[in-house]
2 protein chains.
Amino acid sequence: MELYHLRTFVTVAEEGHLTRASERLFTSQPAVSAHIKALEEELGVALFDRTPRGMQLTPAGTQLLASARQTLAAASALQQQARGLQDQLIGTVRIGLNTDARFLRLIALQSAVAEAHPQVALEFLAGNTGANLPALRAGKLDATFISGEMDDPAIRSWILCEEELAVAAPAAWRARLETPDVPTLADQPWVFTTEDCSHYGVMRALFQSHCCTPRKTVLANQEDALAAMVEGGIGLGIMRRDVVEAAQREGRLHLVPMQLPSVSLRMACLAQRVADPLVQAVLSELGALWGLDLALRQRASA
Amino acid sequence: MELYHLRTFVTVAEEGHLTRASERLFTSQPAVSAHIKALEEELGVALFDRTPRGMQLTPAGTQLLASARQTLAAASALQQQARGLQDQLIGTVRIGLNTDARFLRLIALQSAVAEAHPQVALEFLAGNTGANLPALRAGKLDATFISGEMDDPAIRSWILCEEELAVAAPAAWRARLETPDVPTLADQPWVFTTEDCSHYGVMRALFQSHCCTPRKTVLANQEDALAAMVEGGIGLGIMRRDVVEAAQREGRLHLVPMQLPSVSLRMACLAQRVADPLVQAVLSELGALWGLDLALRQRASA
DNA sequence: GCGGGCCATCGGAATTCCTGATGGCGCCTC
DNA sequence: GAGGCGCCATCAGGAATTCCGATGGCCCGC
């Protein structure tokens with residue numbers, strides 16, 4: 001039995017599904033299946049019941065899950081303690097992104113961290129809110145930018161700023177969208193994001209409050225792709241207001257005059273990693289950049 | 001970082017010596033070196049100072065040693081908890097031997113365990129007190145028979161019986177050893193055992209109390225080999241009294257008329273494994289065989 | 001009855017780990 | 001001062017383990 005067996009066990013227990021667990025663990029489904037099989041054989045206990053709908057913890061599996069978490073927590077505590085003992089902080093911090101580098105002030109962050117901790121490497125990993133949270137939970141990210149609300153007690157997050165959103169339309173649609181009402185907008189084709197993206201929630205809330213459903217034309221889970229499709233005339237989309245404004249000035253997009261609620265841009269990490277010196281290093285410099293006091297604090301109010 | 005890294009770390013810390021640690025871990029010295037190197041690189045901390053005399057824990061290594069032990073203890077607790085949850089006890093118990101199977105009542109033990117726990121396999125691994133204790137500490141044995149005193153708090157042991165010992169001589173030496181005094185015996189050639197064998201301690205104590213030293217002719221660390229050498233006329237040796245008596249009746253050995261102190265035959269296991277259901281299964285059946293009440297008890301008085 | 005979802009297995013590839021041999025360094029003895 | 005020994009680090013090759021894409025079996029829903 002090794003720690004990777006336990007990580008797999010815990011992840012499968014949380015997902016109830018081998019394929020989803022393999023995605024969180026960034027490995028393949030047969031690998032996850034083999035980990036569980038090997039662990040069950042070594043422990044001599046069935047951890048899961050296999051059902052057509054997925055993996056269901058057995059009573060024994062439920063009892064052992066806590067011990068597995070304790071073992072992983074002890075190992076994690078050792079790693080964190082080690083980082084506190086380093087002469088100079090050494091390591092790599094993998095940070096998930098959910099929007100463009102300039103908006104997130106990544107260059108300044110990189111410089112600040114490099115200045116304060118020469119032996120800490122940052123890895124900026126493109127993603128989106130929907131992919132980043134699972135990767136964070138799976139331990140594949142050390143911290144991540146996300147947008148929207150966050151109420152998972154296993155995750156700590158700090159609000160960096162409020163992202164103001166706007167409805168973007170192809171420049172050619174300007175005339176027919178001077179002062180549209182919501183049903184008129186719903187009747188237009190839309191470029192959707194994935195459901196786990198905060199923009200999607202804003203869009204859905206908008207239409208639900210007017211009892212109508214937008215026509216989904218296409219889906220794009222990257223902001224660049226969404227912007228390109230809107231500019232290309234495929235449909236409407238929700239983007240950050242400052243981006244739409246800049247594009248409108250350049251004649252590439254039309255900003256539909258409508259007020260949308262903002263979403264909170266956050267920096268998030270696992271609650272149990274908050275004390276990790278590597279995470280602290282990033283939070284500290286990020287806080288300085290955004291004029292905030294991030295650190296070992298109560299979780300920001302949702 | 002996996003659990004085998006931590007096992008290596010703890011063992012090297014205890015031994016202060018890569019080669020000795022590799023022997024305890026039943027692996028090779030380069031493998032142990034690589035484990036430590038990999039762990040130090042991952043943690044970003046030097047765990048040991050390399051000296052010509054061996055590996056010396058750094059201050060950071062000393063601090064992390066406790067965390068490593070906690071992690072291993074948590075993993076071990078999970079495994080024990082799993083065994084308690086098995087429908088039927090499943091597993092293998094590796095038992096170290098230090099004398100012949102008949103004396104240790106192994107056949108009866110095997111039958112009793114098989115009857116009570118059909119899915120528990122016993123592995124009887126030949127050894128001696130000197131090799132068995134390191135193997136037990138290294139986790140390569142689950143339990144072991146040993147002889148002699150035991151004062152290591154990390155090990156629990158139960159006295160099964162007192163082994164009466166006797167000095168055996170080649171049958172041809174009968175005439176010159178009718179009623180020998182100790183200096184006379186010391187002047188004879190002797191077949192030694194290794195120093196970690198309890199018989200060695202008895203022999204040394206005998207001569208030290210008379211201020212003389214026996215002549216070492218040859219060394220044998222297996223009882224069979226020792227018996228063969230004594231029968232072959234190479235020298236004297238200390239053996240179990242019942243074995244010498246049986247051989248004398250058959251004319252193969254001469255039992256030198258002299259009283260020796262007895263040594264305690266014990267069953268030992270790691271203190272932290274006492275609660276392990278597999279170990280409990282063996283102790284329970286063994287206790288029934290020897291008419292004793294072994295189990296979750298205070299350690300037997302030394 | 002058919003298609004889809006889910007997990008288990010297989011064979012081959014990739015990666016990791018181990019081992020025997022060997023080298024470098026420091027210390028001790030002659 | 002030189003040589004030998006002890007100890008750890010490295011190397012190359014082999015062994016073992018793990019991973020992955022493909023595929024099969026079973027169950028469920030339409």
Side-chain angles (χ1 to χ4, degrees), chain A residues 1-58 60-62 65 72 75 134-135 138-140 195, chain B residues 1-58 60-62 65 72 75 92 134-135 138-140:
Chain A
M1 179 179 83
E2 297 294 343
L3 292 172
Y4 71 87
H5 291 111
L6 300 184
R7 291 186 198 104
T8 297
F9 172 32
V10 169
T11 305
V12 173
E14 289 173 355
E15 290 291 336
H17 191 282
L18 286 186
T19 306
R20 289 203 298 270
S22 71
E23 287 162 2
R24 272 180 62 180
L25 294 163
F26 290 76
T27 188
S28 66
Q29 177 259 316
V32 169
S33 181
H35 293 175
I36 299 301
K37 180 178 181 180
L39 189 58
E40 285 180 326
E41 284 179 0
E42 179 168 343
L43 297 180
V45 169
L47 300 170
F48 296 98
D49 286 324
R50 277 79 168 155
T51 81
R53 289 181 306 282
M55 303 285 274
Q56 187 171 7
L57 273 170
T58 59
T62 303
L65 183 58
L72 290 174
K140 295 300 182 181
E195 291 187 27
Chain B
M1 182 180 79
E2 297 296 340
L3 291 172
Y4 70 88
H5 291 110
L6 300 185
R7 290 187 199 102
T8 298
F9 172 31
V10 169
T11 305
V12 172
E14 289 172 356
E15 291 291 337
H17 190 283
L18 288 186
T19 307
R20 288 203 300 270
S22 70
E23 287 161 2
R24 274 179 60 179
L25 295 163
F26 290 75
T27 189
S28 65
Q29 176 260 318
V32 169
S33 180
H35 294 175
I36 299 299
K37 179 178 181 183
L39 189 56
E40 285 180 325
E41 283 178 1
E42 179 168 345
L43 297 181
V45 170
L47 300 169
F48 295 97
D49 286 323
R50 277 77 167 159
T51 80
R53 289 181 304 281
M55 303 285 275
Q56 187 171 6
L57 273 171
T58 59
T62 303
L65 183 57
L72 291 174
T92 301
K140 296 301 184 182

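Below, read A as the first sequence line, B as the second, and so on, with proteins coming before strands; counting in each chain starts at 1.
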Is any NZ, NE, NH1 or NH2 atom of the basic residue among B:Glu14 and B:Arg20 found under 4.0 Å from an Asp or Glu carboxylate oxygen of the other?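 The answer is no: the pair does not qualify as a salt bridge.
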Rounded to the nearest 0.5 Å, what separation is found between the [atom1] atom of [X] and the [atom2] atom of [Y]?
X: B:Phe9; Y: B:Leu65; atom1: CZ; atom2: CG; answer: 5.0 Å
X: B:Ser22; Y: B:His35; atom1: OG; atom2: NE2; answer: 10.5 Å
X: A:Thr11; Y: A:Leu6; atom1: OG1; atom2: CG; answer: 10.5 Å
X: A:Glu23; Y: A:Gln29; atom1: CD; atom2: CD; answer: 10.5 Å
X: A:Leu25; Y: A:Thr8; atom1: CG; atom2: OG1; answer: 5.0 Å
X: A:Thr62; Y: A:Phe48; atom1: OG1; atom2: CZ; answer: 9.0 Å

Show the nearest heavy-atom pair for residues A:Leu3 and B:Glu2, with the distance to one decimal.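 Here A:Leu3 and B:Glu2 meet closest at N-OE1, 2.7 Å.
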Which pair of non-hydrogen atoms, one from B:Ala13 and one from B:Leu57, has the smallest distance, and what is that distance?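 Between these two residues, the closest heavy atoms are CB-CD1, 3.9 Å.
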A:Leu39 has an atom CG; how far is it from atom P of D:dT18, in whole Å?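 Nearest whole value for this atom pair: 12 Å.
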Distance check needed: D:dC19 C1' versus A:Glu2 CD, whole Å only.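 Interatomic distance, CD of A:Glu2 to C1' of D:dC19: 17 Å.
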Earliest and latest nucleotide of DNA chain C, 5' to 3', sitting under 4.0 Å from a non-hydrogen atom of chain A?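 The footprint of chain A covers C:dC6 to C:dT9.
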Considering every strand and a 4.0 Å limit on heavy-atom distances, what is the contact class for A:Tyr4: base, sugar-phosphate, or nothing?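 Answer is sugar-phosphate: A:Tyr4 comes under 4.0 Å of backbone atoms only.
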Hey, what bend do you get for the helix from C:dG1-D:dC30 to C:dC30-D:dG1 if you fit axes on five pairs at each end, rounded to 10°?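 Axis angle across the helix from C:dG1-D:dC30 to C:dC30-D:dG1, nearest 10°: 10°.
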Is the closest side-chain heavy-atom distance between B:Met55 and B:Arg50 below 4.5 Å?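 Yes. Closest side-chain heavy atoms under 4.5 Å.
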Write down the protein N/O and nucleotide N/O pairs, taken from nucleotides 7-9 of chain D, whose separation is under 3.5 Å; answer none if there are no such pairs.
unit_1: D:dC7; atom_1: OP1; unit_2: B:His17; atom_2: NE2; d: 3.2
unit_1: D:dC7; atom_1: OP2; unit_2: B:His17; atom_2: NE2; d: 3.2
unit_1: D:dC7; atom_1: O5'; unit_2: B:His17; atom_2: NE2; d: 3.0
unit_1: D:dC7; atom_1: O4'; unit_2: B:Pro52; atom_2: O; d: 3.4
unit_1: D:dC8; atom_1: OP1; unit_2: B:Leu18; atom_2: N; d: 3.2
unit_1: D:dC8; atom_1: OP1; unit_2: B:Met55; atom_2: N; d: 3.3
unit_1: D:dC8; atom_1: OP2; unit_2: B:Leu18; atom_2: N; d: 3.1
unit_1: D:dA9; atom_1: OP1; unit_2: B:Arg50; atom_2: NE; d: 2.2
unit_1: D:dA9; atom_1: OP1; unit_2: B:Arg50; atom_2: NH2; d: 3.1
unit_1: D:dA9; atom_1: OP2; unit_2: B:Ser33; atom_2: OG; d: 2.8
unit_1: D:dA9; atom_1: N7; unit_2: B:Gln29; atom_2: NE2; d: 3.1
unit_1: D:dA9; atom_1: N6; unit_2: B:Gln29; atom_2: OE1; d: 3.2

